Amino acid sequence: MSRSFIAKTLRDFTEVLERTLVSEDSAHGQGLLQSLDPRVKLLGLMALVVATSLSRKIVVLGVLFGLGIVLAVASRLSLISLAKSVWLVAFGFTFMIAAPAVLLVPGRVLYKLPLGSLAITAQGLHSALLLIVRVETATTLSALLVLTTPWMQLLKALRALGAPVELVALLAMTHRYIMLLMETANAMFESRQSRMVGRLNGREQRRLMVNTGSVLLSKTMNMGDQVFQAMQSRGFRGEVKLLTDFRLRTQDYVAIPGFAAAFVAVILAGK
Amino acid sequence: MHIPDGYLSPLTCATMYAASAPWWWAALRRTRRKLPGRRGPQLALFAAFSFVIMMFNLPLPGGTTGHAVGMGIAAIVLGPWASLLAISFALTIQALFFGDGGITTLGANCFNMAIVGSFAAWGIYSLLSHGAAPESRRRVVAAALAGYGAINLSALLAAVEFGIQPMLFHDASGAPLYAPYPLRIAIPAMMLGHLTIAGIAEAVMCAGLFNYLRRNEPALLNIPSPPVIAPRATSGMWVTLAVALLLTPLGILAGGAAWGEWAAKDFSTVASRAQIASVSGATQLPASAPAGLARLSTLWTAPMPDYAPHRVIKSAAFGYLLSAMFGVGLILSATWIAQRLWLFANQRRTE
């Protein structure tokens, strides 16, 4: 146990770095969604996420989930890795929350459990299923956006759609330094783990984590100064300029009515 | 506490975006003039730090591990406005890039953790560390409580957002359309984990980071000398207080009792029953006051019931005014006594 908390943290770092590499790799692939203008993709997929929230019918949400799978296949995304990193994670989390609703939501009794006064109700079952299907669908659509759009293009699309320039610039910097700080923290934990002999008690474990966090914070703040000096030395005078050279192409003109039709259909059918 | 897509209704999501928007706008406006300087990279790096610290598995008593959010230390180091932005950036990247927390629920997540969390942490820390010397241990305790209070307040808000869903959004058969549990289940379920595991993780991390900065990078904490309040600085407050006191009889204009503040006797008269039913969606009222309400309502009798002792004061407006003056007087006296006790304790310690 004494080292498991370090191993767990290192595993979390590795998972995030791995996901970042995988999504960067798939975002540069040659698929349907990758070929679309990031603005069209951002607005289209976000509209479908909103439609998912508005829809009240399991069947409609199921069809939308199916559309998500079709888009994933057309974008040459691996369904196995999508299942591992998105569907199973979302299902595991939502199932834990939704499952008790089957018994706790009052309504028409479908099956009375032999022990106690608990019963499975129609309303509870419907509510739990609706939640699971909705979360799976929304998560899939959000994942499609990330897995088919390089982060910098996503930010540029946000800027092109009216997000303040400072916001976009700071988000870009934050993303860049998340990776750097994660690598730094990873190296700190690895070196600590390699020097550790024997077992640490709870207090020592907490001290180790807090000390590592503190040194990381100190490095972060010092890095802030260095980054500012580097920006100044490269001519930064307080103005942020981003290149937004997007141009709509034929496939975008097809995708816009496609997304719009799907959005309207889900809203109308899901009422 | 990162609410994913699908748990909240679109109306709740839109409301939470609308509630967050003015704060983001004000925070950007306040920080914009500082962004061209060191503040920009510092803000981005702190957002990145907050993201990374959320992945630290902190071992806790009992063999479990917990995660801190970093809102406490961000609010103390950057101040609430910049902290609000830094945590919002971290949450945005988590939602957009890593699918942790939803996109439709980003407004709610930012409101709970970035806005309320930052201001709560900053408020608690400022209140508890007020006047303390930079090296005082009270500052470390204040930082721990700031982190603990902030994360629990954020969790409570998330629980309320979950808990109102089945009440407001259900189909004709009564099946909830979004998060399925009412407040009576959502609040205990959410708070149990936060009052114990997540709250302690945030408190330990916040206090530890603060202590490290206090010893090694004190300039970052920008701890001010004990403030001296000039007499005229509080004159505006006294004028506002006086105007507010004079306006208290406005409360008479509102007819009936406030929703949920009914007395047991309100269930016995036709007029008050009609008023309760009309503001409660024509819900069928019980024939008499609920037994628990009737029993507990006699436990304590206020010295000035309904803002005026009826046997002494005949004018409702004067009763309101008198109650307001009495209430303000009580609060000022209690504050003055607490301040005296505090100063006395500090004096004893320095001697």
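Small disclaimer: the values here were computed from a predicted structure and weren't measured. Every chain is numbered from 1 and lettered A, B, ... according to where its sequence line falls, protein lines coming before strand lines.
Using a 4.5 Å cut-off between heavy atoms, B/I73 contacts chain A through its side chain alone, with no backbone atom that close. Heavy-atom distances place both the backbone and the side chain of A/V16 under 4.5 Å from chain B. For a residue to count as touching a neighbouring chain, one of its non-hydrogen atoms must lie under 4.5 Å from one of that chain's; by this rule B/D171 touches chain A with the side chain only. Neither the backbone nor the side chain of A/N211 comes within less than 4.5 Å of any heavy atom of chain B. Proximity to chain B is limited to the side chain of A/F189, based on heavy atoms less than 4.5 angstrom apart. Heavy atoms closer than 4.5 Å to chain A are found in the side chain of B/I53, but not in its backbone. In this structure, the portion of B/L213 lying under 4.5 Å from any heavy atom of chain A is its side chain and not its backbone. Heavy atoms closer than 4.5 Å to chain B are found nowhere in A/A172, neither backbone nor side chain. At a 4.5 Å heavy-atom cutoff, the contact between A/R19 and chain B is made by side-chain atoms alone. The contact between A/L131 and chain B is made entirely by side chain atoms (from C-beta outward), counting heavy-atom distances below 4.5 Å. For chain B, no part of A/L208 is nearby; none of its heavy atoms comes within less than 4.5 Å. Residue A/I58 does not touch chain B at all, counting heavy-atom pairs closer than 4.5 Å. Residue A/S85: no heavy atom, backbone or side chain, is found under 4.5 Å from chain B. Residue contact with chain A, scored on non-hydrogen atoms closer than 4.5 Å, involves the backbone and the side chain of B/F49 alike. Interface residue B/S173: backbone and side-chain heavy atoms are both found under 4.5 Å from chain A. Residue A/P106: no heavy atom, backbone or side chain, is found under 4.5 Å from chain B. Only the side chain of A/H126 comes within contact range of chain B, with at least one heavy atom under 4.5 Å from a heavy atom of that chain. Contact annotation for A/V105: only side-chain heavy atoms (C-beta onward) come within less than 4.5 Å of a heavy atom of chain B. With a threshold of 4.5 angstrom between heavy atoms, A/M221 approaches chain B through side-chain atoms but not through N, CA, C or O.
Ranked by heavy-atom pairs shorter than 4.5 Å toward chain A, the options B/V77, B/I93, B/N211 are led by B/I93. Contact count against chain B (heavy-atom pairs under 4.5 Å) is highest for A/S218 among A/A143, A/S218, A/A138. Per-residue counts of heavy-atom pairs under 4.5 Å with chain A were compared for B/P176, B/A47, B/P180, B/A68; the largest is that of B/P176. When the candidates B/P10, B/S9, B/G208, B/P182 are compared by the number of heavy-atom contacts under 4.5 Å with chain A, B/P10 comes out ahead. Comparing A/T139, A/V227, A/L216 by heavy-atom pairs within less than 4.5 Å of chain B, the highest count is held by A/L216. With respect to chain B, the highest number of heavy-atom pairs below 4.5 Å among A/T149, A/I97, A/T20 belongs to A/I97.
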Item to complete: Kindly indicate, with the supporting measurements, whether the criterion side-chain contact (heavy atoms from CB on, under 4.5 Å) is fulfilled by A/T52 and B/D5.
Response: CA-CA 9 Å; A/T52 308; B/D5 285 316; over 6 Å; no
Discussion item. Between B/F56 and A/D12, is the side-chain contact (heavy atoms from CB on, under 4.5 Å) condition met? List the steps.
Written reply: CA-CA 9 Å; B/F56 275 42; A/D12 287 351; over 6 Å; no
Item to complete: List the steps, then state whether side-chain contact (heavy atoms from CB on, under 4.5 Å) holds for B/Y212 with A/L217.
Response: CA-CA 9 Å; B/Y212 177 88; A/L217 176 60; 6.0 Å; no
Item to complete: Check step by step if side-chain contact (heavy atoms from CB on, under 4.5 Å) holds for A/L167 and B/F89.
Response: CA-CA 9 Å; A/L167 184 80; B/F89 290 156; 3.2 Å; yes
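Under the 30°/60° scheme for interplanar angles, the aromatic rings of A/F93 and B/Y7 are found to be tilted.
A distance of 6.0 Å or more separates the ring centres of B/F46 and A/Y177.
Looking only at distances, a side-chain donor or acceptor of A/R134 sits under 3.5 Å from a matching main-chain atom of B/L177. Side chain of B/Y181 to backbone of A/L104: no donor-acceptor contact under 3.5 angstrom is found.
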